[in-house]
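Take a look at the structure set out below.
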Protein chains: 2
Amino acid sequence: MPRRIGDVARGAGVGVETVRFYEREGLVDQPLKPMRGWREYDEAALGQINQIKLAQGMGLTIADMKVLKARAKGARAQFCGAVRETVAARLDAIDAEIAALSLKREALADWLKQCRRRGKRGDCPLYAGINALAPKRSKR
Amino acid sequence: MPRRIGDVARGAGVGVETVRFYEREGLVDQPLKPMRGWREYDEAALGQINQIKLAQGMGLTIADMKVLKARAKGARAQFCGAVRETVAARLDAIDAEIAALSLKREALADWLKQCRRRGKRGDCPLYAGINALAPKRSKR
DNA sequence: CTTGCATCCGTAGCAAGGTACGGACTGCAG
DNA sequence: CTGCAGTCCGTACCTTGCTACGGATGCAAG
């Protein structure tokens, strides 16, 4: 059972600064501070950090989580709607990201293939292109 | 034929600030400034920006391009080796990124499926979980 | 009482790739 | 001559998710 922020951090496998960051973001509830001394944490903080890690593993952003946390105070149906909305939006965003990366992947793979095919023929268009852009030397 | 930075920017479809950013990064050669007046650009700047856009489309980073540009002054064989190295490294990085995103994609899709399956049964574990983390209210 | 680690708190910095701003200047049209 | 758009230049800001720093305090052991 965690008592102080360092215990929470170690228990969740994150740094103390990270816990404090989550608190600033409002994702982890910061226990009230006694007028002197250290804050007293309980299991809730640990659970909240684990939920953050879970959500992060699914690709949700901190901003997404803030929205969902705000909605969690409302009725279950509303909350579920918000969850589905957020998850669907993030799914679309991630699909778009994957599509963009796949295009890049193909372009890079093609480039490598061309490189190997040209092999020793030594007609790299990029090298020619880059040096054509500095025509000072070729003009003499 | 571009004359001033604004012409270059319009011609390349980027902002003036972006051209200046590439100049600061050393990816676009900035023509010498006359003691008074405006710099005079030629086609080279346009070509360099187009190469940047191409490389970006393949997923190369600005840092990658800096390295390659530095190598372009050397012999062709050295340059080609550096290109292959950079491209291969970036390809690996992008594959890793795609793999990570695919995991997230699956997790999100699963979550949505679970949401729909639970449908009106109203037993969302996330809602329960979040509210269990604030047990103040349930204790009464 | 002193050492020494932990916490508290605000603030600043990192990566990446730009974007924006403010004040001074330039050059051209009216 | 004046107005106005465009440049020049340095610097600050943006996003995201942390991470680090520095000075002040707290607390327990020796």
Side-chain angles (χ1 to χ4, degrees), chain A residues 2-41 45 48-49 51-67 69 86 89-90 93-94 97 100-101 104, chain B residues 2-28 30-41 45 48-49 51-67 69 86 89-90 93-94 96-97 100-101 104:
Chain A
R3 295 186 314 117
R4 292 177 288 135
I5 194 170
D7 301 322
V8 173
R10 267 185 304 280
V14 301
V16 168
E17 303 296 334
T18 304
V19 177
R20 290 180 52 66
F21 169 72
Y22 291 151
E23 288 173 346
R24 280 200 298 278
E25 295 296 313
L27 292 181
V28 167
D29 299 324
Q30 191 176 30
L32 292 166
K33 193 197 167 189
M35 53 270 96
R36 302 167 53 252
W38 297 330
R39 294 177 206 283
E40 190 82 7
Y41 288 83
Q48 286 172 329
I49 295 176
Q51 287 209 335
I52 292 169
K53 294 281 150 202
L54 262 175
Q56 261 181 342
M58 302 200 316
L60 295 195
T61 65
I62 301 281
D64 288 338
M65 299 180 215
K66 282 187 189 176
V67 170
K69 183 144 197 239
T86 301
R90 194 51 58 191
I94 284 185
E97 235 176 302
L101 283 176
K104 293 181 177 182
Chain B
R3 296 186 315 118
R4 292 178 288 133
I5 194 170
D7 301 322
V8 174
R10 267 186 304 280
V14 302
V16 168
E17 302 297 333
T18 304
V19 177
R20 291 179 52 66
F21 170 70
Y22 291 151
E23 288 174 346
R24 280 200 298 277
E25 295 296 313
L27 293 181
V28 167
Q30 191 176 28
L32 292 167
K33 194 199 167 190
M35 53 270 97
R36 301 167 54 249
W38 297 331
R39 293 177 210 281
E40 190 82 6
Y41 288 83
Q48 287 173 328
I49 295 175
Q51 288 209 333
I52 293 169
K53 293 284 150 198
L54 261 175
Q56 260 182 341
M58 302 200 316
L60 295 195
T61 65
I62 300 280
D64 289 336
M65 299 178 214
K66 282 187 191 176
V67 170
K69 183 144 197 242
T86 302
R90 194 52 58 192
I94 285 186
E97 235 177 302
L101 283 176
K104 292 181 177 181

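Chain identifiers are assigned alphabetically (A, B, ...) following the order of the sequence lines, protein sequences preceding nucleic acid strands; residue numbering begins at 1 within each chain. Side chains included, hydrogens not; waters and symmetry mates left out as well; all remaining heavy atoms used.
- Rounded to an integer number of Å, the gap from Glu40(B) CD to dG27(C) P is 11 Å.
- Rounded to an integer number of Å, the gap from CZ of Arg4(B) to C1' of dG27(C) is 8 Å.
- Atom CZ of Arg20(B) is separated from atom P of dC9(D) by 6 Å (rounded to the nearest Å).
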For Ile5(A) and Arg20(A): C-alpha separation, side-chain torsions, deciding distance, then whether side-chain contact (heavy atoms from CB on, under 4.5 Å) applies. CA-CA 8 Å; Ile5(A) 194 170; Arg20(A) 290 180 52 66; 3.3 Å; yes
If the sugar-phosphate is the primed atoms plus P, OP1 and OP2 and the base is the rest, what is the B/S/- string for nucleotides 15-27 of chain D, using protein heavy atoms under 4.0 Å? --BBBBB----BS
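- At distances below 3.5 Å, not a single donor-acceptor pair connects side-chain atoms of Arg90(B) with backbone N or O atoms of Leu60(B).
- Counting all heavy atoms, side chain and backbone alike, Gln48(A) lies closest to Val28(A) at OE1-CA, 3.4 Å.
- Protein atom CG of Leu32(A) is 15 Å distant from nucleotide atom C1' of dC8(C), rounded to whole Å.
- Proximity of a side-chain donor or acceptor of Glu25(B) to a complementary backbone N or O of Lys66(B) within less than 3.5 Å is not detected.
- At whole-Å resolution of the value, CD1 in Ile5(B) and C1' in dC9(D) are 11 Å apart.
- Under a 4.0 Å N-O distance rule, the pair Asp64(A)/Lys69(A) does not qualify as a salt bridge.
- Atom CZ of Arg3(A) and atom P of dC8(C) are 12 Å apart (whole Å).
- The distance from atom CD of Glu23(B) to atom P of dT19(C) is 15 Å, rounded to the nearest whole Å.
- Note: NZ (Lys66(B)) to C1' (dG18(C)) measures 13 Å, nearest angstrom.
- Shortest non-hydrogen contact noted between Lys104(A) and Gln56(B) is CE-O, 3.6 Å.
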